[in-house]
Number of protein chains: 2
Amino acid sequence: MQLTKAFEQGVCVMAMLTTQIPSIPVASATIHQRLGTSPTYTQKIVRKLVVSGLATSVSGQGGGFCLAKASKEISCLDVVEAIEGPVVTFPDSQLLHHAFAHSNGLANLASANSVVYQTFAKADEQWRKVLSNVSIADIIHDSLHGEKLTFVDWNEM
Amino acid sequence: MQLTKAFEQGVCVMAMLTTQIPSIPVASATIHQRLGTSPTYTQKIVRKLVVSGLATSVSGQGGGFCLAKASKEISCLDVVEAIEGPVVTFPDSQLLHHAFAHSNGLANLASANSVVYQTFAKADEQWRKVLSNVSIADIIHDSLHGEKLTFVDWNEM
DNA sequence: GAATTCGTACTCGGATAGTGCTTGTCCGAGTCCAGCCGG
DNA sequence: CCGGCTGGACTCGGACAAGCACTATCCGAGTACGAATTC
């Protein structure tokens, strides 16, 4: 069970936007060139960040993408859910319910379905909790090992 | 991000084995008929439970599968890892590292890779912790709503 | 009547299709900016 | 001057193709048990 690689790209994009000089948007071309990824696919991923309200887009010449809010206001979980949608690990196709609904004597086993569902819901909740307590700013800060953050213009590099 | 449907089948199998009269193995045919799933694929899933030490197999006529140990000694996490293998949610293909390793001034951003990795490792750990505290016996018990567990022979039903 | 053979029922495990989601491409449409006119 | 055209650079967003992991099938091999066979 893994997140998709699209999420990994999403994290990279957020890192670029965070370290970008705030007044200058990062162009789509700049992003996929730096990441070495597919131009159009990466564009779609960035678009998800925009739709989720983590980034803003600027059309036209000199356009691109900017961070929508302070990086300390954006958690890892926000990025996960922007790219992957809501996280529900138990693939509830009601198999337990269907398997045991018509069994003599043990028909109550059918309700194991919701018991399992709720157990995984709790586990998911804990997973989300950890990620919601770590912001993009925290990630950047911890990466720099005390070095001071300097904004750059990725378009120029 | 979801577990596979194979896992859901695995849970159903464990539920059957737990409620089966301990001295009689459950035949492979019995399992896939009750679940309404693919015979051969379900067989492969059960096999994974055997390899992981959650179930035992009996060859030959009258053969089938039994629980390898008491159901209260088997956690949800055991079943997850038997079917899915170890759970690592961050798909670490070193994209962050490669993207920023050769950037002027911000090369330290490359180490964000391991920071993110460890963040997700913590989240995964919490997820596992919840599941390891819930046993198959707990699931069965909570499903029965106070009704007493009666063992049956699924082969006969 | 006991050992051997045989048949049946079952699991083991690899090779190999089918399917659906992730990944990637293409293209038309919309938007913004800058420079070029014409009044 | 300055207001409106025009072209280029860019994002928007859907339709569609490719790749890969999950799902599913098939088949040969191994194993246990019981019944028939043989001496």
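We name chains A, B, ... by the order of the sequence lines, and we start the count at 1 in each one.
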For [X], ring pair (Phe, Tyr, Trp, His ring centres under 6.0 Å) partners two or more places apart:
X        : result
A/Phe100 : B/Trp154
A/Tyr41  : none
B/Phe90  : B/Phe120

Nearest non-hydrogen partners of B/Gln2 and A/Met1, listed with the distance: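 Heavy-atom minimum between the residues: O-CG, 3.6 Å.
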By the definition side-chain hydrogen bond (donor to acceptor under 3.5 Å, both in side chains), identify the one residue from B/Gln33, B/His32, B/Gln9 that meets it with B/Thr42. B/Gln9
Which residues in residues 48-61 of chain A have a heavy atom closer than 4.0 Å to any atom of DNA chain D? A/Ser57, A/Val58, A/Gly60, A/Gln61
Short of 4.0 Å, heavy atom to strand atom, which residues of residues 32-40 of chain A count as contacting DNA chain D?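 DNA chain D contact set from residues 32-40 of chain A: none.
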Any A/Val58 side-chain heavy atom under 4.5 Å of A/Pro25 side chain: yes
Between [atom2] of [N] and [atom1] of [X], the distance in whole Å:
X       : N      : atom1 : atom2 : result
B/Gln43 : D/dG30 : CD    : C1'   : 14 Å
A/Tyr41 : D/dG14 : OH    : P     : 16 Å
A/Ile45 : C/dT25 : CD1   : P     : 12 Å

Which residues within residues 2-25 of chain B lie with some heavy atom under 4.0 Å of an atom in DNA chain C?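 Residues of residues 2-25 of chain B that come under 4.0 Å of DNA chain C do not exist, since none gets that close.
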Give the nucleotide from the list C/dT25, C/dC12, D/dC12 with an atom nearest to the side chain of A/Lys44.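 Nearest to the side-chain atoms of A/Lys44, counting from C-beta on, is C/dT25.
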For the residue pair A/Ser93 and B/Glu8, confirm or rule out a side-chain donor-acceptor distance under 3.5 Å.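 Present: a donor and an acceptor within the cut-off.
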